[in-house]
*Asks:* 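Can you keep this structure in mind? I'll have questions shortly.
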Amino acid sequence: MSTVKLASGHEMPLVGFGLWKVPQETAADTVYNAIKAGYRLFDGAYDYQNEKEAGEGIRRAIKEGLVKREDIFVTTKLWNNYHSKKHALPMMKAQNEAWGLGYIDLFLMHFPVALEYVDPEVKRYPGWWMEDGKTVKPAKVSIRETWEELEAAVDQGIAKSIGVSNFQAQLLYDVQTYAKHPISSLQIEHHPYLVQAELIKMAQTHNIAITAYSSFGPQSFLELPPAFRQRASDVGLLFDAEPVKKISSKHNKTPAQVLLRWATQRNIAVIPKSNNQNRLAQNLDATSFDLAQGELDSISALDKGLRFNDPGHYLPNHPLHIFA
Ligand code: NAD
């Protein structure tokens, strides 16, 4: 399996399995079957509300001798309501216990924005909102405060590596001025409609491994409620984009595999999600063929700077323009 070496010194698989929207009821079986299919990296988050079940699936595979703990790479993320010094470490500990695997391989700050604390006992899944389900309340917590708690998670053996998600260059430069442990990974929305070439160049120059999410662009957002899917409904599917289709038939690979290879060939990890056995297998096979430079460029030329996961667009009254 192809891997990428993180700044922490640990290896991360280049292809993994994304757990967003994998239902709680099926998550344990989905993960267990993904391990059987050959997946070793699982990308979770408190936000996905299936950490406990995903951990159960992994533990079942370990118990049956399919894999050892050290063969598996678990990424998870700290949600926005738990950024403060008071809440971050207890939350990361609780998440680690939910997975039940001893440690987390890579702990990420999910978004560069702190929201007021919501007691998980009162509202188990806050999303972007307070207990009332409609107010978004930013909290006065700096990125530095949260980063230092991620570092404490490394020092206490909760996480092997740490990183960030949905950050842009300015904050990465800032974190680097005080980081005691390296920013091992940056997870970002990355597909041919949102290439972010400069950000990728900056991160790779600084040995920050990129993980791409939503590699199939609009596809994932079409499944969401209206405000979240609007931008996705207004553009064509990447699977139908001319260069993708042409390259797919030339290499005898599916458009999905071409989109994944476009990333992995540039040393960018991918974490596609599928609940379908056939797609699960084809997505894993995203490093076994090579595209020509001209082919990579023709896919990158589809760039529209179009971001689907943008709270500045989908939250009512647009209170958080974090990508402005
Ligand atoms: P994705 O790009 O993996 O797309 C998923 C969609 O594509 C689903 O509708 C699935 O049925 C379909 N699909 C999967 N394989 C296919 C194939 N071979 N052919 C055709 N269709 C296929 O989207 P995603 O779930 O948004 O992103 C992947 C993962 O990234 C998530 O599960 C999550 O772990 C992570 N993620 C992270 C963030 C973040 O803020 N850090 C945000 C979104 C997603």
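Counting starts at 1 for both ligands and their atoms, following the listed order. None of the values given here were measured: they were computed from a predicted structure.
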*Asks:* Is any side-chain N of the basic residue among Asp155 and Lys180 closer than 4.0 Å to the acidic one's carboxylate O?
*Replies:*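 Between Lys180 and Asp155 there is no salt bridge, as every charged N stays at least 4.0 Å from the carboxylate O atoms.
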
*Asks:* With a 4.0 Å heavy-atom cut-off, what residues sit around ligand 1?
*Replies:*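 Within 4.0 Å of ligand 1, the protein residues are Gly18, Leu19, Trp20, Asp43, Tyr48, Lys77, His110, Phe111, Ser165, Asn166, Gln187, Tyr213, Ser214, Ser215, Phe216, Gln219, Ser220, Glu223, Phe239, Ala256, Ile271, Pro272, Lys273, Ser274, Arg279, Gln282, Asn283, Asn309.
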
*Asks:* Output all residues satisfying side chain to side chain donor-acceptor pair (under 3.5 Å) with Asn276, sequence neighbours left out; order by chain, then residue number.
*Replies:*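 Listed in chain order: nothing, the list is empty.
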
*Asks:* Test of understanding: with salt bridge (charged side-chain N to carboxylate O under 4.0 Å, His left out), list the residues that count as partners of Glu116, not counting sequence neighbours.
*Replies:*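 Scan of Glu116 (salt bridge (charged side-chain N to carboxylate O under 4.0 Å, His left out), adjacent residues dropped) gives none.
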
*Asks:* Could you pull out every donor-acceptor pair under 3.5 Å between side chains of residues 216-225 and any protein atom, sequence neighbours left out?
*Replies:*
from   : atom 1 : to    : atom 2 : distance (Å)
Ser220 : OG     : Lys21 : NZ     : 2.9
Glu223 : OE1    : Lys21 : NZ     : 2.7

*Asks:* In plain terms, say whether Arg144 and Asp174 are close enough for a salt bridge, that is, a side-chain N and a carboxylate O under 4.0 Å apart.
*Replies:*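 No, Arg144 and Asp174 are not salt-bridged.
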
*Asks:* So which atom in His190 and which in Ala212 form the shortest heavy-atom distance, rounded to 0.1 Å?
*Replies:*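 So the two residues come closest at CB-CB, 3.7 Å.
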
